[in-house]
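In what follows, a single structure is set out as structure tokens and then discussed.
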Amino acid sequence: MANDFMGKVKENWQQRAMESTTLRAELRLVPRQLKWVLFAVYVAALGVLVWLGVWMPNIHPFGIAVEPLPLRLLAVFGVLTGIAAGVSFFVMLMVYIGRDARRRGMRPVLWVLVALFVPYLIGVILYFVVRDPLPVNCPQCGSIVSAQFTFCPACKFNLRPHCPECRLPLRAGYRFCPRCGFSLQTDAAMPGAAEAHP
Ligand SMILES: [Zn+2]
Ligand SMILES: [Zn+2]
């Protein structure tokens with residue numbers, strides 16, 4: 001059982017290593033409206049604190065009581081910005097995990113709860129370790145299929161071809177097996193097709 005789990009984790013890891021993505025593309029999973037809402041809340045809180053600092057000098061936000069006033073406002077600004085950055089990062093991380101889990105065919109609510117409630121960010125780390133690979137397009141028929149499938153359920157295309165000689169898993173575009181040098185020559189250079197002509 002534990003071995004099965006570790007095997008699946010390792011396989012997911014290898015599949016995910018083939019996903020080429022950028023931080024910018026990943027950040028796009030977080031809706032722009034949410035980023036604006038977080039920014040608006042930050043600006044509003046800043047406005048309230050400046051207003052308090054100027055008009056109610058007896059109230060000390062975050063217990064900051066330094067004089068003179070400009071220095072106090074600067075200190076309050078610094079602390080609030082730090083808190084806002086931390087909170088915003090956490091909120092966006094939770095939204096990212098929910099949306100990322102959904103597009104990977106995992107259970108979004110479950111994983112957001114795990115990320116939220118398993119302490120010391122262990123839930124977050126666990127999610128990034130075990131998450132399933134992204135679905136892929138079948139190179140032959142274009143259907144969207146789970147990266148864990150071996151054959152396309154729509155057209156039976158071999159999605160996880162192996163070298164016919166040494167069984168090494170191959171990637172699309174290889175013309176020779178990188179381990180044993182077996183020639184996978186076909187015009188399409190598609191190892192799935194190569195298996196049909198050993
Ligand atoms: Zn297909
Ligand atoms: Zn080989």
Side-chain angles (χ1 to χ4, degrees), residues 1-35 91-116 118 121-198:
M1 193 67 194
N3 262 342
D4 278 5
F5 177 73
M6 286 319 289
K8 186 171 178 288
V9 167
K10 189 171 166 232
E11 204 178 297
N12 280 355
W13 200 281
Q14 288 166 342
Q15 286 281 327
R16 290 202 312 262
M18 295 184 213
E19 292 171 6
S20 55
T21 181
T22 59
L23 184 64
R24 177 182 280 212
E26 295 301 297
L27 277 176
R28 246 180 263 137
L29 269 190
V30 179
R32 186 174 295 165
Q33 294 93 317
L34 176 70
K35 295 172 194 165
V91 169
M92 291 199 296
L93 183 64
M94 291 306 126
V95 171
Y96 173 84
I97 287 178
R99 299 195 138 208
D100 187 56
R102 195 189 315 149
R103 70 175 175 162
R104 287 169 193 272
M106 302 165 72
R107 279 178 283 181
V109 177
L110 173 79
W111 279 105
V112 171
L113 290 179
V114 168
L116 267 179
V118 179
L121 291 182
I122 292 171
V124 173
I125 295 165
L126 186 70
Y127 173 73
F128 285 102
V129 170
V130 306
R131 64 180 175 169
D132 289 336
L134 282 173
V136 294
N137 283 311
C138 168
Q140 185 158 282
C141 73
S143 308
I144 295 170
V145 294
S146 163
Q148 288 157 319
F149 290 172
T150 306
F151 290 95
C152 170
C155 73
K156 203 177 169 241
F157 183 80
N158 185 354
L159 297 162
R160 311 179 81 166
H162 290 79
C163 169
E165 196 66 23
C166 73
R167 308 307 299 159
L168 182 78
L170 300 172
R171 290 193 205 182
Y174 283 0
R175 293 168 63 203
F176 297 94
C177 170
R179 184 195 282 158
C180 71
F182 186 84
S183 173
L184 309 158
Q185 298 287 12
T186 57
D187 290 334
M190 207 39 119
E195 259 193 338
H197 314 279

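Throughout, numbering of the chain's residues begins at 1 and tracks the sequence. Just follow the structure's listing: the first ligand is 1, and inside any ligand the first atom is 1. The basis for the numbers below is simple: all heavy atoms, side chains too, and nothing from hydrogens, waters or symmetry mates. Bear in mind that the values here come from a model prediction, so they are computed numbers and not experimental data.
Under the 4.5 Å side-chain criterion, counting only non-hydrogen atoms from C-beta, V118 is not in contact with L126. A 4.5 Å side-chain heavy-atom check between N137 and I144 finds at least one atom pair inside the cut-off.
In this structure, R131 contributes its side chain and R16 its backbone to no donor-acceptor pair below 3.5 Å. The backbone N or O of C180 sits nowhere less than 3.5 Å from a side-chain atom of E165 that would complete a donor-acceptor pair.
Screening V112, L116, V30, V124 for a side-chain contact (heavy atoms from CB on, under 4.5 Å) involving L93 leaves a single residue, V124.
For the Zn ion (ligand 2), the set of protein N/O/S atoms nearer than 2.8 Å consists of C163 SG, C166 SG, C177 SG, C180 SG, ordered by chain and number.
A distance of 5.0 Å separates CG of D132 from CE of M106, quoted to the nearest 0.5 Å.
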